[in-house]
There are 2 protein chains.
Amino acid sequence: MGTADNFINLNSASLKTACESCSLHQLCLPLELAHDDIAELDKIIKRTKPLHRGDYLFEMGDPFTSLYAIRSGSIKTFTSTDEGEEQVTGFHLPSEIVGLDAIISSHHPCSARALETTSVCEIPFERLEALGQKIPGLQRQLLRIMSKEILTDQDMMVWLGKKSAEERLAALLLRISSRFRDRNFSAMEFNLSMSRTDIANYLGLAVETISRLFSRFQQEGLLRVDRKYVEITDYEGLRQMAGIAPDCHHHQ
Amino acid sequence: MGTADNFINLNSASLKTACESCSLHQLCLPLELAHDDIAELDKIIKRTKPLHRGDYLFEMGDPFTSLYAIRSGSIKTFTSTDEGEEQVTGFHLPSEIVGLDAIISSHHPCSARALETTSVCEIPFERLEALGQKIPGLQRQLLRIMSKEILTDQDMMVWLGKKSAEERLAALLLRISSRFRDRNFSAMEFNLSMSRTDIANYLGLAVETISRLFSRFQQEGLLRVDRKYVEITDYEGLRQMAGIAPDCHHHQ
DNA sequence: ATGATTCATTGATTTACATCAACTTTATGT
DNA sequence: ACATAAAGTTGATGTAAATCAATGAATCAT
């Protein structure tokens with residue numbers, strides 16, 4: 001399922017740059033970027049060895065130096081409250097960028113851990129900023145990505161503030177499905193890399209509630225669930241459960 | 001209470017630029033910017049006539065052309081769900097910038113209305129972007145502002161997901177207080193420009209709950225409340241009510 | 001001013017979800 | 001392979017906050 005297939009190309013970067021041959025190319029890069037510009041961008045990106053399940057990409061409080069684009073796998077970001085309990089602030093899938101919330105303060109306000117084996121591109125921010133100065137399209141893309149993040153978070157606020165437990169879970173599943181579709185994975189069946197506890201935490205609910213909801217959704221024929229594996233058997237039904245038409249195609 | 005005091009300077013822009021003489025100068029502009037740069041930024045900013053209570057700054061779906069910096073007054077932003085009910089996504093005070101969530105999609109994903117008489121600076125985004133290309137400090141500032149917005153929203157997600165009604169209201173009051181302090185207004189007494197309904201909506205609670213909480217906070221000696229006027233009489237107590245030390249000084 | 005409308009407060013009742021508890025299934029490590 | 005731990009499920013009970021309902025205060029319009 002989308003392993004780090006481009007790793008081999010790295011050193012033998014002959015015809016194409018690694019970025020150009022990456023399957024996430026179209027999602028993670030500004031489409032307007034010229035070949036030469038991509039090559040320049042490619043130069044500043046560091047490819048690090050894959051993370052294993054539970055590995056930290058960075059920890060809350062770490063100095064901020066780089067953004068990270070996810071190539072394969074998945075990441076959860078979370079903050080730790082004073083009392084030590086954690087709050088999941090997001091799940092991040094391939095082509096998405098983590099670390100944007102750190103730009104303001106020069107240290108990471110949240111931690112990021114791999115939910116499964118995950119490979120990322122490290123993008124040193126100083127160099128990205130400098131490059132953005134030269135390439136207008138890149139600068140624009142960066143602003144657009146951040147704008148999208150703001151939009152997603154505001155969307156989430158609406159869900160947390162207004163929606164019932166079943167609406168929240170249904171909406172989350174639809175959003176994940178939609179994101180998989182965007183990456184040309186199956187939108188109708190996938191593995192959830194995160195635990196029920198993480199889902200509950202993210203949605204502001206109790207684990208037991210999530211468990212019960214998965215059971216109910218299955219009983220009602222919306223899903224087939226087997227452990228982490230989820231198959232959406234009634235897409236329209238699930239949409240209705242989510243409170244009608246949250247049109248997840250627009251904002252991830 | 002912070003009226004549009006600089007309006008007169010506009011046409012008689014003799015010695016200083018309007019931006020430079022604005023009381024929000026230090027908050028809304030990058031500190032590193034040189035005099036000439038400020039002058040250039042100043043040129044692209046349009047100052048429009050003040051909005052009155054209830055006036056729209058923009059409506060959901062409107063084409064996105066400009067960001068808006070609030071000079072005085074306050075704005076609420078909100079989305080309308082399919083069923084027509086609104087969800088307040090933020091309250092915005094002087095020096096804060098609204099419209100950042102529209103950059104991605106070229107139209108506004110939310111509406112913005114004045115909560116009281118409010119004056120704003122309109123900043124055409126195209127021109128700002130072009131200017132950012134020339135002035136590195138401006139570009140950086142823009143990214144930092146967006147990063148801060150992401151951080152604030154994620155913070156809000158934590159509150160909505162995890163905190164009790166009393167914690168949410170206490171935290172909101174502290175955050176507002178903190179923002180007033182930053183702008184050199186009194187942090188211990190202020191007028192809430194938004195209605196109880198808006199507060200309830202924003203916090204994902206019922207109006208009645210807000211009402212009861214204001215009464216209780218007053219009974220317990222944390223606040224003195226008279227209609228929109230709020231005086232914090234026990235700051236530490238309010239912090240405790242908010243669930244201990246959300247240190248509101250860092251992230252607005 | 002005066003009635004009409006919107007906004008705010010307070011009480012009584014209901015409910016969605018959390019919490020507590022017991023148990024089962026799936027991972028993990030030696 | 002086995003023991004131990006972690007994660008997930010299901011049921012019983014409790015509770016915070018929503019909803020319903022009635023009344024009072026403030027703002028708006030004529």
Side-chain angles (χ1 to χ4, degrees), chain A residues 52-55 76 83 85-88 113-117 159-172 191-220 223-230 241-243, chain B residues 52-55 76 83 85-88 113-117 159-172 191-220 223-230 241-243:
Chain A
H52 297 111
R53 184 166 191 280
D55 286 353
K76 76 164 174 182
E83 301 92 48
E85 37 169 9
E86 73 180 49
Q87 164 70 36
V88 175
R113 297 182 81 176
L115 289 165
E116 60 194 312
T117 303
W159 284 100
L160 290 176
K162 280 257 172 323
K163 306 293 182 171
S164 68
E166 61 181 23
E167 287 173 314
R168 293 185 210 183
L169 182 59
L172 176 63
N191 279 288
L192 296 171
S193 57
M194 65 294 284
S195 68
R196 303 286 140 109
T197 308
D198 283 338
I199 294 175
N201 189 309
Y202 180 60
L203 296 178
L205 298 168
V207 206
E208 294 94 327
T209 304
I210 299 297
S211 212
R212 276 183 256 268
L213 283 173
F214 269 120
S215 304
R216 261 191 43 210
F217 285 1
Q218 182 155 266
Q219 272 172 26
E220 295 174 21
L223 302 177
R224 275 196 34 58
V225 183
D226 177 24
R227 189 90 186 119
K228 305 240 167 193
Y229 172 82
V230 172
M241 188 64 83
Chain B
H52 298 113
R53 185 167 191 279
D55 286 352
K76 77 165 173 181
E83 301 93 47
E85 38 169 6
E86 73 179 51
Q87 164 70 36
V88 176
R113 296 182 80 176
L115 289 166
E116 60 193 310
T117 302
W159 284 99
L160 289 176
K162 280 258 172 322
K163 307 292 181 171
S164 69
E166 62 183 21
E167 287 173 314
R168 293 186 209 182
L169 182 60
L172 175 64
N191 278 288
L192 296 171
S193 56
M194 66 294 285
S195 68
R196 302 288 138 107
T197 308
D198 283 338
I199 294 175
N201 190 309
Y202 179 61
L203 296 178
L205 298 168
V207 206
E208 294 93 326
T209 305
I210 300 297
S211 215
R212 276 183 255 270
L213 284 172
F214 269 120
S215 303
R216 260 192 44 210
F217 284 2
Q218 182 156 263
Q219 271 172 24
E220 295 174 20
L223 303 176
R224 275 196 31 63
V225 184
D226 178 23
R227 189 87 186 123
K228 305 241 166 191
Y229 173 81
V230 171
M241 187 63 81

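Lettering of chains follows the sequences in order, A, B, ..., and the numbering in each one begins at 1.
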Letter by letter from the 5' end, nucleotides 25-30 of chain D scores (B base, S sugar-phosphate only, - none; protein heavy atoms under 4.0 Å) -S----

If we fit an axis to the first five pairs and another to the last five of the helix from dA1(C)-dT30(D) to dT30(C)-dA1(D), what angle do they make, to the nearest 10°?
60°

Under the side-chain hydrogen bond (donor to acceptor under 3.5 Å, both in side chains) test, which residues partner [X], sequence neighbours left out?
X: Lys228(B); value: none
X: Arg216(B); value: Glu166(B), Glu220(B)
X: Ser215(A); value: none
X: Ser193(A); value: Ser74(A)

Can you name the atoms? Protein N/O to nucleotides 16-20 of chain C N/O, anything below 3.5 Å, with the distance.
unit_1	atom_1	unit_2	atom_2	d
dC17(C)	OP1	Ala165(A)	N	2.7
dA18(C)	OP1	Ala206(A)	N	3.0
dA18(C)	OP2	Ala206(A)	N	3.2
dA18(C)	OP2	Thr209(A)	OG1	2.2
dT19(C)	O4	Arg212(A)	NH2	3.0
dC20(C)	N4	Glu208(A)	OE2	3.1

Nearest-Å distance, CG (Leu203(B)) to P (dA17(D))?
12 Å

Between Arg216(B) (CZ) and dA16(D) (C1'), how many Å, whole number?
11 Å

Please name all residues satisfying side-chain contact (heavy atoms from CB on, under 4.5 Å) with [X], sequence neighbours left out, ordered by chain then number.
X: Thr197(A); result: Ser195(A), Val207(A)
X: Ala200(A); result: Ile210(A)
X: Thr117(B); result: Pro50(B), His52(B)

Taking 4.0 Å as the cut-off, does a side-chain nitrogen or oxygen of Ser195(B) come that near to OP1 or OP2 on dT6(C)?
no

Quick one: is dT10(C) close enough that its OP1 or OP2 comes under 4.0 Å of any side-chain N or O from Ser211(B)?
no

So which pairs with a foot in residues 202-211 of chain B pass side chain to side chain donor-acceptor pair (under 3.5 Å), sequence neighbours left out?
none

Just by distance, do the side chain of Asn201(A) and the backbone of Val88(A) share a donor-acceptor pair under 3.5 Å?
yes

Could you give all pairs that pass the salt bridge (charged side-chain N to carboxylate O under 4.0 Å, His left out) test and reach residues 191-207 of chain A, with sequence neighbours left out?
Lys76(A)-Asp198(A)

